[in-house]
Amino acid sequence: MPDKRLSVLLLALALILAGCAAEKKVSEKTTPKPSKEIVIGVTDKITELDPANAYDFYTWEVLNNIMGGLMRYKPGTTQLEPYLAESYEIKNNGTVYIFHLRKDLKFADGTPCTAYDVVRSIKRVMKIQGDPSWLVTDFVKDVKALDKYTVEFDLKKPVSYFLALVATPPYFPVSPKYDPDKIDPDQTAGGVGPYRIVKWVRDQELILEANPYFFEKPKTDRIVIRFYKDATTLRLALQRGDVDIAWRTLSPVDIMTLKKDPNVKVYEVPGAFIRYLVLNLNMSPTNNKLVRQAIAYAINRTDIAERVYMGTVEPLYSLIPKGMWSHLDVFKKYGDGNIEKARELLKKAGYDEHHKLKLVLWWTPTHYGDTEKDLAQVIKEQLEKTGVIEVQLKSAEWSTFVDYERKGVMMMSLLGWYPDYLDPDDYMTPFLKSGSNKWLGNGYSNPKMDEILEKAATTTDIKERTKLYEEAQKILAEDVPIIPLVQGKLFVVAKKNIKGIELDPTMILRYWTLEKIEQ
Amino acid sequence: MNIVRLPEAREWMIWAGIVIVASIVFMAVFAPFIAPYDPTEMTNDILKPPSLKHIMGTDNLGRDIFSRVVYGSRVVLEVVFSATLFSMAIGVPLGLISGYFGGKLDRVLSMVMDSIYAFPSLILAIAIAAMLGPSVFNAIIAIAVVYVPTYYRMTRGQTLSLKSALFVEAAKTIGAGDFRIIRKHILPNVLPTILVVFTLCVADAILTEAGLSFLGFIVSAPTPDWGFDLSAGRPYLPAGYWWLITFPGLMVMLLALGFALIGEGLSERYLRREI
Amino acid sequence: MGSLKEYIIMRALLVIPTVFILLTLVFFILRILPGDPIVAMLGQKVPPEVLEKLRAELGLNKPIWEQYIDYLSHVIRGDLGRSMIWGRRPVIEEIMDRFPATLELTIFSFAISVFLGITTGSIAAFRRGSKIDTGMRLYSIIAYTLFIPWFGMLLQMLFGVYLDLLPIGGRIDPGLEPPHITGLYVLDSILTMHWRSLESALAHLILPSLTLGIVLSGAYTRLVRNNLIEVLNQDFIRAYRARGVRNRKIAFHAMKNAFIPIITLMGLQFAILLAGAVLTETTFSWPGIGTFLLERIQYRDYTSVQGVIVFYALFVAMISLIVDVIYALLDPRVRY
């Protein structure tokens with residue numbers, strides 16, 4: 001027995017010694033940290049690296065950094081500008097778009113990128129028919145290369161926001177290494193963009209380095225993205241100094257904690273993510289306009305923003321988010337928590353203390369995070385405060401919820417929306433235009449609204465469009481088929497020595513503007 | 001070596017268990033008289049630590065946690081009792097028939113039951129509950145399915161050994177029918193075992209229920225339920241709000257402990273294990 | 001040994017009906033409720049015609065029986081199909097990405113629970129009837145009734161938040177992952193001598209495996225205690241005692257003889273270990289199969305959920321087969 005024990009002890013000792021020695025070696029090798037490196041922590045994940053099928057916000061952010069489109073949003077704004085293209089022309093009443101490419105475009109391995117590559121990439125998206133392919137196929141009839149540097153799009157009909165569409169990943173030219181016929185989820189070859197991937201371990205780490213063949217040199221050569229499993233661990237990693245920037249998505253409690261931390265800076269801007277309440281017009285009693293308006297009176301958005309989200313969102317009084325052109329606070333006329341007015345309208349509709357208005361409110365757990373159940377409960381409380389409404393809460397798990405939504409079996413339901421392209425059209429047409437809003441299942445249809453939205457979608461003059469959307473929003477506030485609730489804010493929390501964080505409603509962090517000032 | 005048995009140990013366990021279970025059942029029945037507040041009423045006392053006003057503190061919407069804990073006992077008890085009785089009602093008759101008659105039916109049933117039994121129970125319950133959608137009724141079904149094999153195997157085993165017992169043979173020779181024998185001679189002898197299995201199943205089912213509820217497969221807000229409230233309090237844990245999670249979880253453990261103690265004591269008393 | 005081989009083959013064949021039954025159950029339950037993966041992913045955005053096209057592509061528009069037979073014929077050939085969402089990667093790849101995490105957690109928890117179980121169980125058995133025995137038995141019951149998420153959170157609160165000693169979620173600090181050999185971070189970092197990775201992996205393992213280990217140890221305490229007591233009552237121990245053999249030597253013999261049945265019973269507990277792992281993974285954001293299952297259930301990713309269930313069933317069956325074989329090899333009396 002004793003000799004055995006001794007040998008175990010010796011082995012352990014040997015291991016420890018070896019460990020110390022090796023540790024020294026490792027640390028010696030890694031101490032001169034590349035000064036031009038920024039580490040970003042996220043809790044999101046990259047679902048796949050193929051723009052033909054990727055359809056979630058975080059992946060789109062990464063694609064925006066390793067690829068680029070013919071157009072892009074000027075960082076920090078919602079304005080479009082030519083990017084891989086030098087210039088563009090619009091012809092035939094907005095049904096033909098011609099882009100003139102820059103002549104110095106190269107993929108990350110140095111292969112030149114020409115108009116033929118652009119056409120090949122977009123045709124590939126149309127052929128594969130992945131999840132976001134409708135952003136191309138619904139609008140584009142044909143795309144062709146007129147010469148090495150000129151691309152022509154023929155549209156099915158005039159689309160006023162086509163330039164915004166061209167700025168989305170399905171339109172990005174990709175390296176010839178992508179499988180031409182199939183989704184290529186793990187392909188790291190990228191496209192023409194400021195960075196290229198040097199290492200990708202799914203759900204763990206993504207390392208980017210500056211693409212030497214790109215025409216704009218990033219401020220920081222190396223970006224490391226680390227994928228954390230939960231928000232709290234990410235918050236602690238930032239506080240410990242393991243990451244320079246904590247990005248999507250910290251929880252309200254964590255943001256609250258970080259705001260008190262003197263070593264970090266919290267950046268916040270309005271995001272383009274909105275939350276709203278859908279009312280079913282095919283179902284009694286929400287088919288009664290008075291009832292819908294009464295609900296709009298009773299809702300208290302500032303209370304929701306405070307109690308449910310701890311101030312990490314802001315009240316929203318229209319479907320078009322604040323910060324986007326043509327936004328009008330049309331729901332302000334109902335006020336917040338205007339109980340007297342709500343009671344008055346309900347009385348007109350025939351409801352009182354003895355004959356209460358009975359409503360059913362649906363919500364879905366997990367999809368919108370931990371706070372969703374609180375949102376449902378707070379809305380219930382706000383409506384019941386009128387004393388003449390009784391709300392029953394019901395929940396369904398996400399896939400069922402979406403299905404119920406389409407079938408129109410829910411009286412009131414809580415939903416959210418991330419835009420596909422930044423244009424008021426993406427916040428109006430899918431919700432309010434009959435035919436396009438079938439997925440919402442609430443049966444809203446107003447010929448006047450349809451006419452305005454159709455006109456706004458095909459006109460190219462921005463002043464004219466603004467007027468049309470303002471009119472549409474006023475009709476929305478009158479008809480109340482949907483009640484906007486809150487608009488998300490974006491939070492980036494970074495160490496004090498990080499500069500160049502430019503956030504805007506695109507919700508995309510541009511890694512190439514980031515800078516680390518060494519102290 | 002001390003081999004003297006302490007007969008009090010098992011009795012003591014049974015009684016301790018009964019006291020715990022009885023107090024929680026009492027709490028569930030008389031919840032409106034015990035809870036100082038409406039469990040769904042929101043106030044402006046948000047995230048307040050335990051005090052005289054709120055002895056277990058308040059949650060992020062300003063609700064009294066003690067009141068929620070008191071009312072929370074209702075869902076657990078309802079789900080767990082219905083589910084285990086349900087699985088007993090299926091498992092025991094099947095076990096009796098299977099064990100007594102044997103043959104092809106026995107082989108097929110045993111195979112099905114064994115496959116379910118061998119599979120991790122909570123995972124199966126999650127799969128079923130998640131697919132059926134979150135509701136109390138669906139949770140009862142999900143949990144019931146999981147415990148059917150336990151009753152079945154226990155009953156079948158006992159029936160097999162009783163089948164060849166002398167008094168059963170005797171009943172057969174005087175021409176008693178099969179079902180009469182099962183009812184009059186076998187079932188009464190299986191009962192004590194069923195009782196023990198029942199209490200142990202309940203203890204386990206409480207943890208399964210809490211697990212399902214924690215994952216959001218049983219109740220929907222604002223219904224108070226321990227597992228659900230535990231998960232609702234979770235985001236506040238890293239910021240140090242300990243009271244949101246401590247009390248609901250403690251109740252889950254106490255209730256399960258109550259039944260486990262009874263089950264342990266009973267199994268010693270009835271199964272005459274050499275202990 | 002020939003008969004042992006036969007036995008193994010027979011046992012392996014018996015796994016087939018088990019998997020088949022569970023698969024059938026899950027396949028049909030999955031399709032009871034409205035909603036499917038396409039709707040869940042794209043229901044809000046995509047025009048109805050496109051939805052139909054995507055459904056057809058995944059075969060979701062076929063009659064359910066046809067889908068069932070299609071799927072079964074693939075599973076028989078060892079093909080679990082492709083996930084229906086997020087890149088549509090092969091299910092087996094998705095599972096194998098996460099399996100090492102679950103395996104690592106279960107191995108460590110198992111080790112902790114066995115250690116605690118044997119210690120407390122044998123103390124109880126040798127001090128049978130004493131206050132210590134009662135204490136150990138109470139420990140076993142209480143440990144068993146600890147609700148995993150709750151107990152885990154208490155540990156997180158104590159060691160992660162107040163004392164700030166240990167990480168409360170994840171498997172390793174991102175960026176420290178050792179080169180992939182087996183996927184078990186602890187083993188890989190030892191093999192490749194990445195000591196900082198080892199340190200980080202171990203630190204992340206402590207709380208989750210302690211949680212699961214302690215909860216499971218309750219059952220082992222009982223097993224070890226009851227088995228040891230049985231052995232202690234057997235004739236050969238009485239004979240030793242009569243001959244005046246020293247207590248320590250008796251204990252050694254008793255443990256040796258109690259060990260074999262304990263192994264089998266521990267094998268049976270494996271299913272409980274896996275079930276507990278699901279809750280532990282959720283509590284500690286551990287990227288294993290359990291969290292994967294829960295994530296995919298939400299989006300009705302049919303193939304992934306079915307694949308995970310098949311995988312679990314095979315895994316449990318394999319473990320119990322291995323335990324049986326070990327038992328047969330260890331105990332010369334068992335012959336098949």
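Summarising the local packing, OH of B:Tyr37 is surrounded by more than 12 heavy atoms from other residues, nucleotides or ligands at distances under 6.0 Å. By the 6.0 Å contact criterion, NZ on A:Lys265 is open, its count of non-hydrogen atoms from other residues, nucleotides or ligands being 12 or less. In B:Lys53, the NZ atom is not crowded: 12 or fewer heavy atoms of neighbouring residues, nucleotides or ligands sit closer than 6.0 Å. Heavy atoms of other residues, nucleotides or ligands lying less than 6.0 angstrom from CZ of B:Phe137 number 12 at most. Within 6.0 Å of NZ on B:Lys48 lie more than 12 heavy atoms contributed by other residues, nucleotides or ligands.
Interatomic distance, CG of A:Leu393 versus OG1 of B:Thr223, reported as 8.5 Å (0.5 Å rounding). For the atom pair CG (B:Leu61) and CD (A:Glu381), the distance works out to 8.0 Å, reported to the nearest 0.5 Å. Distance check, rounded to the nearest 0.5 Å: CZ of B:Arg234 to CG of A:Asp230 gives 7.0 Å.
Residues B:Met42 and A:Lys380 form no side-chain contact, since every pair of their non-hydrogen atoms from C-beta on lies 4.5 Å or further apart. Annotation: side chain of B:Phe228 is in contact with side chain of A:Lys373 (closest heavy-atom distance under 4.5 Å).
Of the two parts of A:Ser251, neither the backbone nor the side chain holds a non-hydrogen atom closer than 4.5 Å to a non-hydrogen atom of chain B. Interface remark: A:Gln377 contributes backbone and side-chain atoms alike to the contact with chain B (heavy atom separation under 4.5 Å). Looking at B:Tyr241, the atoms closer than 4.5 Å to chain A (heavy atoms on both sides) all sit in the side chain, from C-beta outward. For A:Val308, no part lies near chain B; criterion is any non-hydrogen pair under 4.5 Å.
Chain B forms more heavy-atom pairs under 4.5 Å with one residue of A:Thr232, A:Asp374, A:Thr371, A:Val378 than with any other, namely A:Asp374. Counting heavy-atom pairs closer than 4.5 Å to chain A, the top-ranked of the candidates B:Ala232, B:Ala239, B:Pro222 is B:Pro222. With respect to chain B, the highest number of heavy-atom pairs below 4.5 Å among A:Asp254, A:Val253, A:Leu236 belongs to A:Val253.
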